[in-house]
There are 2 protein chains.
Amino acid sequence: MNENTNSILGEFLQSAREAKKLSLRAVEKAVGVSNAYLSQVESGKIKQPSPTILHKLSELYEVAYNDLLSLAGHPVPDDDSRESNAPRVFDRFGDISKDEEQELVAYLAFLRARKGRNE
Amino acid sequence: MNENTNSILGEFLQSAREAKKLSLRAVEKAVGVSNAYLSQVESGKIKQPSPTILHKLSELYEVAYNDLLSLAGHPVPDDDSRESNAPRVFDRFGDISKDEEQELVAYLAFLRARKGRNE
DNA sequence: TTCATGTGCTTAGTCTATCAAGCGCCGCTA
DNA sequence: TAGCGGCGCTTGATAGACTAAGCACATGAA
């Protein structure tokens, strides 16, 4: 009950990294996650890396983000958004009212202003 | 710098809960998340609840899990299918980055949640 | 040989999500 | 009036994600 070398997520990530012929430090440089942490994830010591980190790795390794989410034990969106017939809040970006459009425009301006200021 | 009390995720979740006429303790009972924690999420004190919790809430409140992920700032798996009918509304801005699009989607959710509550 | 650089790994610490316990405030009903 | 049960909220503690620093081993030059 103690030794967990069997982390499917860890093994999967290690395979993907080696397939790309990348060292832990190369990955650290590429995605901004410490090699120490990556090592622990691959060895199964860390069980649930955040979606943010999984997303970065999925892009680097060119594997499906959904798969990593699933392997990490996070709920995967498409899986059961179909199962429950929850009304989608955005049925698609499609029908946006004039008011909403105006607010979104303002908000986008705000986002860009803020981004320009930091960094 | 930031003492942010305005959390879009928090307001959205509060709107959804009140729309269902549920107390924090009722939600606690339903999904197994402490009312203390729910209170902090709604007030914006907690920034990034785990996908697992967001998923449970999305089912209870009958809102899209993807939307909650987005509001919480977690990467959302790309639905490549909707790439094609990207919102015409934003054409005037030229290119919108993925990040920006995600923030706009989140903000739209917030707008609509707020409208629903004041109605 | 010696030095330099790259590798995976360990450890100590920080930060934050999450919970258990308990507070004070209401609206009841006896 | 007292008391009860539900309400939102605060606080202290715990667990686990994540990093900085450094260790030990390897390779390959000078």
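The basis for the numbers below is simple: all heavy atoms, side chains too, and nothing from hydrogens, waters or symmetry mates.
- Judged by distance alone, with hydrogens and angles left aside, the side-chain atoms of B/S15 form a donor-acceptor pair with the main-chain N or O of B/E11 at under 3.5 Å.
- Note on A/K45: every side-chain N or O is 4.0 Å or more away from OP1 and OP2 of D/dG16.
- To the nearest 0.5 Å, the span separating CG on A/L22 from OH on A/Y61 amounts to 6.5 Å.
- Spacing between atom OH of A/Y37 and atom P of C/dT16 amounts to 15 Å, rounded to whole angstrom units.
- Rounded to an integer number of Å, the gap from A/K29 NZ to C/dT5 P is 12 Å.
- The minimum heavy-atom distance between A/P49 and A/L54, with the atom names listed, is O-CD1, 3.7 Å.
- Using a 4.0 Å heavy-atom cutoff across all strands shown, B/L24 reaches sugar-phosphate atoms only and no base atom.
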Does A/V27 form a side-chain contact (heavy atoms from CB on, under 4.5 Å) with A/N35? I'd like the steps, not just the answer.
CA-CA 7 Å; A/V27 176; A/N35 70 81; over 6 Å; no
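- Side-chain atoms of A/N35 come within donor-acceptor range of the base of C/dC9, with a qualifying N/O pair under 3.5 Å.
- Atom CD in A/E42 sits roughly 10 Å away from atom C1' in C/dG8 (whole-Å rounding).
- Distances from the side chain of A/A36 to the nucleotides C/dA20, D/dA21, D/dC18 place D/dA21 closest.
- The side chain of A/S39 places no N or O atom within less than 4.0 Å of a non-bridging phosphate oxygen (OP1 or OP2) of C/dT10.
- Between the CD atom of B/Q40 and the C1' atom of C/dA21 there is a distance of 13 Å, rounded to whole Å.
- Atom OG1 in A/T52 sits 5.5 Å away from atom CD in B/Q48 (nearest 0.5 Å).
- Spacing between atom CD of A/Q14 and atom P of C/dT7 amounts to 15 Å, rounded to whole angstrom units.
- Taking side-chain N and O atoms only, A/S23 has no distance below 4.0 Å to OP1 or OP2 of C/dG6.
- A straight line from CD of A/E28 to P of D/dA21 spans 12 Å, rounded to a whole angstrom.
- Base contact: A/S34 has a heavy atom under 4.0 Å from a base atom.
- Residue order along DNA chain C, read from the 5' end via each residue's closest nucleotide, puts B/Q48 first among B/Q48 and B/R25.
- The nearest whole Å value for the distance from the NZ atom in B/K56 to the P atom in C/dA17 is 17 Å.
- Look at A/R17 and you'll find a side-chain N or O under 4.0 angstrom from OP1 or OP2 of C/dG8.
- The separation between A/I46 atom CD1 and D/dG16 atom P is 11 Å, rounded to whole Å.
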